[in-house]
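Right, one structure below, let's go through it.
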Amino acid sequence: MDTDKDDDFTFSKVVPPDDSEVAVEAKHLASRVDGITLKNGLDPQTKSLNQVPPKEKTVGSLSFTVTDSSSSSKPSNESSSSEILKARKPITRTKVPFEKGYSQMDWLKLTRTHPDLAGLKGESNRRLISMDEVKKHKTGDSMWTVLKGRVYNISPYMNFHPGGVDMLMKAVGRDGTFLFNKYHAWVSYDILLEKCLVGVLDDTKAKKPEA
């Protein structure tokens with residue numbers, strides 16, 4: 001063959017290592033890895049495990065990084081106690097099972113169909129009402145309460161109240177704003193009791209103590 005030509009190629013066959021040789025080498029490396037002992041020189045009473053840097057190790061032709069993953073810190077008794085103090089228990093209230101026909105959906109239907117839930121009898125629901133007048137409406141179909149400056153006749157809503165009649169009766173004839181905020185301040189009372197609005201509380205008519 002002419003060695004001066006550019007298209008002259010020489011091929012050689014590459015024989016992969018025998019599987020037995022690879023297995024022996026891997027077994028040898030594994031035995032050497034098991035014998036590694038890491039000494040970080042840290043005093044557990046003065047240093048945190050989180051400060052241990054990763055260590056580089058080489059066994060034969062194998063290089064790897066050793067990281068201590070056992071340094072998960074547990075919250076101290078002081079931190080856990082402070083978290084417990086911060087978490088406030090919500091005020092729970094007992095819910096009374098609805099009687100048939102007295103669910104919130106039934107109340108919604110009633111507000112759309114009843115002509116006069118507030119018992120206005122033609123009077124305006126924008127009139128000013130004194131607290132003395134509120135105190136007079138405690139029975140029958142005329143039970144008034146005050147919620148954030150507005151006067152409502154809650155008598156039609158009594159049997160629809162999820163907390164029961166007894167709980168709602170505590171607000172009759174008085175300002176029920178505090179009780180309302182205590183148990184369900186997130187409820188849109190102005191929408192729920194829109195058709196029960198009687199008027200607006202007139203603070204100027206409150207009796208002043210005699211001198």
Side-chain angles (χ1 to χ4, degrees), residues 72-211:
S72 58
S73 59
K74 296 182 180 180
S76 62
N77 292 334
E78 294 181 359
S79 61
S80 59
S81 299
S82 62
E83 291 179 359
I84 295 175
L85 292 175
K86 291 180 181 179
R88 295 182 179 179
K89 292 183 179 181
I91 299 176
T92 57
R93 60 189 179 92
T94 304
K95 290 187 177 181
V96 178
F98 289 118
E99 296 182 11
K100 187 176 181 180
Y102 290 96
S103 68
Q104 293 299 293
M105 288 301 297
D106 292 321
W107 171 253
L108 181 60
K109 293 177 182 178
L110 183 62
T111 59
R112 293 177 177 177
T113 57
H114 197 286
D116 188 18
L117 285 175
L120 294 174
K121 299 179 180 179
E123 293 188 30
S124 172
N125 62 0
R126 297 182 180 180
R127 64 190 180 98
L128 296 178
I129 300 174
S130 67
M131 197 65 199
D132 288 339
E133 186 176 356
V134 173
K135 293 177 181 179
K136 296 177 182 179
H137 296 265
K138 298 181 179 180
T139 59
D141 58 356
S142 183
M143 299 182 185
W144 291 8
T145 189
V146 178
L147 292 176
K148 299 182 180 180
R150 295 185 178 185
V151 182
Y152 294 93
N153 180 13
I154 56 177
S155 178
Y157 186 66
M158 282 291 175
N159 293 325
F160 295 90
H161 185 233
V165 175
D166 292 340
M167 180 60 70
L168 201 58
M169 282 295 297
K170 294 180 180 181
V172 172
R174 53 176 293 191
D175 193 327
T177 304
F178 175 79
L179 287 174
F180 176 82
N181 289 334
K182 181 179 180 181
Y183 292 102
H184 36 50
W186 61 89
V187 176
S188 300
Y189 70 93
D190 52 338
I191 297 177
L192 186 67
L193 300 175
E194 180 182 6
K195 296 298 181 66
C196 297
L197 180 63
V198 178
V200 180
L201 182 65
D202 186 5
D203 292 333
T204 61
K205 292 184 178 182
K207 288 185 177 180
K208 296 181 180 180
E210 296 181 359

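Residues take their numbers from the sequence shown, with the count starting at 1.
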Could you list the residues that satisfy side-chain contact (heavy atoms from CB on, under 4.5 Å) with E133, not counting sequence neighbours?
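Only R127, I129, S130, H137, W144 meet the side-chain contact (heavy atoms from CB on, under 4.5 Å) criterion with E133.
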
Residues that T113 engages under side-chain contact (heavy atoms from CB on, under 4.5 Å), provided they are two or more places apart:
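L110.
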
Tell me every residue that passes side-chain hydrogen bond (donor to acceptor under 3.5 Å, both in side chains) with D106, counting only those two or more places apart in sequence or in another chain.
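So D106 forms a side-chain hydrogen bond (donor to acceptor under 3.5 Å, both in side chains) with S103.
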
Where do G176 and A171 come nearest, in terms of heavy atoms and distance?
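Smallest interatomic distance, heavy atoms only, reads CA-CB, 4.0 Å.
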
Residue pairs, two or more places apart or on separate chains, that pass ring pair (Phe, Tyr, Trp, His ring centres under 6.0 Å) and touch residues 106-136:
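Qualifying pairs, neighbours excluded: W107-Y157, W107-F160.
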
Atom pair CG/SG of D116 and C196 - distance to nearest 0.5 Å
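Reported to 0.5 Å precision, the distance equals 9.5 Å.
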
What's the spacing between M158 CE and M169 CE if we round to 0.5 Å?
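It is 5.0 Å, given to the nearest 0.5 Å.
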
Identify each donor-acceptor pair in which a side-chain atom of residues 146-154 lies under 3.5 Å from a protein atom, sequence neighbours left out, and give them as a table.
unit_1	atom_1	unit_2	atom_2	d
N153	OD1	M143	N	2.9
N153	OD1	S155	N	3.3
N153	ND2	A118	O	3.2
N153	ND2	D141	O	3.1

Going by heavy atoms in the side chains, are Q104 and L108 under 4.5 Å from each other?
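They are not in contact (no side-chain heavy atoms under 4.5 Å apart), so the answer is no.
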
With a 4.5 Å heavy-atom cut-off, do V198 and L120 have their side chains touching?
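Yes, side chains in contact.
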
Check: K138 side chain, G173 main-chain N or O, donor-acceptor pair, under 3.5 Å:
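Looks like no, no N/O pair under 3.5 Å.
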
Please collect all side-chain hydrogen bond (donor to acceptor under 3.5 Å, both in side chains) contacts where either partner lies in residues 163-179, sequence neighbours excluded, each pair once.
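Checked against side-chain hydrogen bond (donor to acceptor under 3.5 Å, both in side chains) - neighbours excluded - the pairs reaching residues 163-179 are D175-T177.
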
